[in-house]
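Notes for the one structure printed next.
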Amino acid sequence: MSVTVSAKTVLKLSHNNDKTHPVHMSMQYMSDEVKKLTDGEVVIRIYPNSQLGTQRESMELLQSGSLDMAKSNASELEAFEPTYAAFNVPYLFKNSDHYYKVLQDADVGQKILSNSAGKGFIGLTYYDAGSRSFYAQKPIRTPEDLKGMKIRVQPSPSALEMMKLLGASPTPLAFGELYTALQQGVVDGAENNPTALTLMRHGEVAKFYSEDEHTIIPDVLVISEKTWAKLSPEQQKALKEAADKSMMYHKDLWIEMTAKEVKEAKEKLGVEFVKVEKQPFIDAVKPMHDKAKADAVIGSYIEKIDALGN
């Protein structure tokens with residue numbers, strides 16, 4: 001019996017963004033690169049808009065081997081691999097250069113990607129998801145303004161802790177349910193990068209975007225270990241190379257796209273962007289930084305991240 005080596009491997013990739021989102025475009029770029037590098041042997045099919053389930057569901061499907069690849073983020077991945085919690089510490093990065101240096105560093109960013117080996121998945125690369133700030137029906141200029149407010153957060157222990165330190169009442173909720181929750185007053189506000197205002201139309205129901213930039217949490221592209229094991233070493237190398245290239249492709253795309261979306265949020269949706277004095281926020285969440293530094297799991301990563309910023 002003859003075996004055909006050139007059989008095509010089709011990988012299904014799930015994510016929760018729209019086709020117009022930079023993450024989708026960057027993954028499309030990666031898909032094209034993989035096809036080129038493997039002479040069409042590896043093909044990635046991308047399913048946007050949570051077609052194959054929510055981010056959380058995708059992770060569970062991935063671990064069982066029912067899904068090949070998914071885009072998650074460090075907040076949600078913390079529940080599956082604790083070292084991702086390092087990225088969830090507020091005010092961790094000094095600037096964009098520091099952020100990219102950390103993601104590409106063999107002992108920090110790249111090490112965290114491989115830490116989940118044995119748990120059903122491994123990380124391939126990161127995508128910039130911008131810095132997260134608060135948006136609501138009123139400006140949030142100080143932590144005092146958050147007192148008593150119900151703020152939607154991702155289902156992450158760090159996100160819950162940060163909100164409590166800032167005085168808000170954290171409310172975990174699926175991203176897809178947030179528009180209605182804001183509209184109906186189930187939550188008083190949320191936190192995300194500015195593209196949520198336009199791409200998810202949140203700017204229709206939240207008119208103030210307060211730029212406190214508390215966290216810069218990367219999106220993470222992950223692959224099922226079962227799928228990874230089916231690829232030849234050459235295919236694995238090609239996929240990793242394509243993924244890394246797409247991260248840098250995404251970097252420029254993200255900057256361009258964010259500027260365009262901010263302009264649209266201001267001009268078409270009438271969202272007011274509020275400049276914020278960050279120090280009171282930094283002070284309020286300092287216990288998280290101190291606790292993270294002393295943590296047995298992520299302490300060494302936090303120290304390395306701090307050192308890379310000097």
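Sequence positions, counted from 1, serve as the residue numbers for this chain.
Between the CG atom of D212 and the CD atom of Q279 there is a distance of 13.0 Å, given to the nearest 0.5 Å. Considering CG of L61 and CZ of F121, their distance stands at 13.5 Å, rounded to 0.5 Å. In this structure, L166 CG and K147 NZ are separated by 8.5 Å, a value rounded to the nearest 0.5 Å. Interatomic distance, CD1 of I223 versus CG of L13, reported as 9.5 Å (0.5 Å rounding). Here the straight-line distance linking atom CG of L92 with atom CD1 of I217 works out to 10.0 Å at 0.5 Å rounding. With rounding to the nearest 0.5 Å, the separation of CG in L221 from CG in L239 is 7.5 Å.
Side-chain atoms of T38 come within 3.5 Å of backbone atoms of V34 as a donor-acceptor pair (strictly under, hydrogens ignored). Judged by distance alone, the side chain of E81 and the main-chain N or O of T83 form a donor-acceptor pair under 3.5 Å. Counting only distance, with no hydrogens or angles, the side chain of E57 and the backbone of T54 share a donor-acceptor pair below 3.5 Å. K138 places no side-chain N or O within 3.5 Å of a backbone atom of K207 that could act as its donor or acceptor partner. Judged by distance alone, with hydrogens and angles left aside, the side-chain atoms of H250 form a donor-acceptor pair with the main-chain N or O of D128 at under 3.5 Å. Here the side chain of S31 pairs a donor or acceptor atom with the backbone of I44 at under 3.5 angstrom. Remark: side-chain polar atoms of S169 are not paired, donor with acceptor, to backbone N or O of M149 under 3.5 angstrom. Under the 3.5 Å distance criterion, the side-chain polar atoms of Q51 are matched with a main-chain donor or acceptor of P48. At least one donor-acceptor pair under 3.5 Å links the side chain of H98 to the backbone N or O of G309. A distance-only check finds a donor-acceptor pair linking the side chain of E225 to the backbone of K119 [under 3.5 Å].
Aromatic ring orientation, Y84 versus Y126: perpendicular (interplanar angle above 60°, classes split at 30° and 60°).
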For S58 and S14, what are the C-alpha separation, side-chain angles and deciding distance, and is it a side chain to side chain donor-acceptor pair (under 3.5 Å)?
CA-CA 7 Å; S58 293; S14 166; 3.0 Å; yes

Run the numbers on L173 and Q154 for side chain to side chain contact (heavy atoms under 4.5 Å, CB included), then give the verdict.
CA-CA 7 Å; L173 196 69; Q154 299 184 81; over 6 Å; no

Check against side chain to side chain contact (heavy atoms under 4.5 Å, CB included), V42 and K35
CA-CA 6 Å; V42 178; K35 205 170 166 182; over 6 Å; no

Evaluate side chain to side chain donor-acceptor pair (under 3.5 Å) for N192 paired with Y209, printing each intermediate quantity in order.
CA-CA 10 Å; N192 211 318; Y209 189 86; over 6 Å; no

Please walk me through it: do Y29 and K245 pass side chain to side chain contact (heavy atoms under 4.5 Å, CB included)?
CA-CA 9 Å; Y29 172 85; K245 276 173 93 170; 4.0 Å; yes

Step by step, work out the salt bridge (charged side-chain N to carboxylate O under 4.0 Å, His left out) result for K275 and E211.
CA-CA 6 Å; K275 289 274 174 244; E211 300 176 280; 3.1 Å; yes

Could you go through Y99 and K94, starting from their C-alpha distance and side-chain angles, then the distance that decides it, and tell me whether this counts as side chain to side chain contact (heavy atoms under 4.5 Å, CB included)?
CA-CA 8 Å; Y99 172 73; K94 296 205 165 127; over 6 Å; no

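Hydrophobic clustering of Ile, Leu, Val, Met, Phe, Trp and Tyr side chains at less than 4.5 Å, counting indirect connections, unites L165 with V276. Taking hydrophobic clusters as Ile, Leu, Val, Met, Phe, Trp and Tyr residues chained together by side-chain heavy-atom distances below 4.5 Å, M162 does not share a cluster with I302. One hydrophobic cluster holds both L269 and M200 under the rule that ILVMFWY side chains link at heavy-atom gaps under 4.5 Å. No path of Ile, Leu, Val, Met, Phe, Trp and Tyr side chains, each step under 4.5 Å between heavy atoms, connects Y47 with M69, placing them in separate hydrophobic clusters. The cluster map of Ile, Leu, Val, Met, Phe, Trp and Tyr, joined by side-chain heavy atoms under 4.5 Å apart, puts I255 and V23 in different clusters.
Salt-bridge annotation for E277 and R141: absent, with no side-chain N of the basic residue lying under 4.0 Å from a carboxylate O of the acidic one. Salt-bridge annotation for E213 and R132: absent, with no side-chain N of the basic residue lying under 4.0 Å from a carboxylate O of the acidic one. Look at K291 and E161 and you find a salt bridge, because one of the NZ, NE, NH1 or NH2 atoms lies within 4.0 Å of a carboxylate O, short of that distance. Comment: K36 engages E33 in a salt bridge, judged by a side-chain N to carboxylate O separation of less than 4.0 angstrom. Taking the charged nitrogens against the carboxylate oxygens, E256 and K260 have no contact shorter than 4.0 Å, which rules out a salt bridge. A salt bridge between R201 and E204 is present, with a side-chain N of the basic residue lying under 4.0 Å from a carboxylate O of the acidic one.
In summary, the side chains of S26 and S246 do not present any donor paired with an acceptor at a separation below 3.5 Å, with no hydrogens or angles considered. Counting only N and O atoms by type, the side chains of K71 and Q55 include a donor and acceptor under 3.5 Å apart. No side-chain N or O of E144 forms a donor-acceptor pair with one of T142 less than 3.5 Å apart. No side-chain donor-acceptor contact under 3.5 Å links K19 and N49. A donor atom on one side chain and an acceptor atom on the other are found under 3.5 Å apart for T198 and E261. Side chains of Q137 and D188: a donor-acceptor N/O pair is absent below 3.5 angstrom, by distance only. Checking Y301 against N115 by side-chain atom types alone, a donor-acceptor pair falls below 3.5 Å.
Under the 4.5 Å side-chain criterion, counting only non-hydrogen atoms from C-beta, F87 is not in contact with I216. No side-chain heavy atom of Q235 sits less than 4.5 Å from a side-chain heavy atom of K240. Side-chain contact between Q104 and M247 is present, with at least one heavy-atom pair separated by less than 4.5 Å. Put simply, the side chain of V187 reaches to within 4.5 Å of the side chain of L178, judged on heavy atoms. The shortest side-chain heavy-atom distance between I140 and V274 does not fall under the 4.5 Å cut-off. No side-chain heavy atom of I151 sits less than 4.5 Å from a side-chain heavy atom of P170. Side-chain contact between D68 and S224 is absent, with no heavy atoms from C-beta onward closer than 4.5 Å. Taking the side chain as every heavy atom from C-beta outward, D105 and K101 never approach each other to under 4.5 Å.
Screening D252, T195, L253 for a side-chain contact (heavy atoms from CB on, under 4.5 Å) involving P22 leaves a single residue, L253. Checking I122, L103, V220 one by one against L113, the side-chain contact (heavy atoms from CB on, under 4.5 Å) holds for a single residue, V220. Each of F134, F281, F93 was checked for a ring pair (Phe, Tyr, Trp, His ring centres under 6.0 Å) with H214, and the lone residue meeting it is F134.
Figure legend: cation-pi geometry between K251 and Y100, with NZ or CZ positioned under 6.0 Å from the six-membered ring centre and within 45° of its axis.
A distance below 6.0 Å separates the ring centres of H202 and Y135.
In terms of heavy-atom proximity, P155 sits nearest to P172 at CA-CB, 4.4 Å. For A292 against V89, the heavy-atom pair with the smallest separation is CB-CG2, 3.7 Å.
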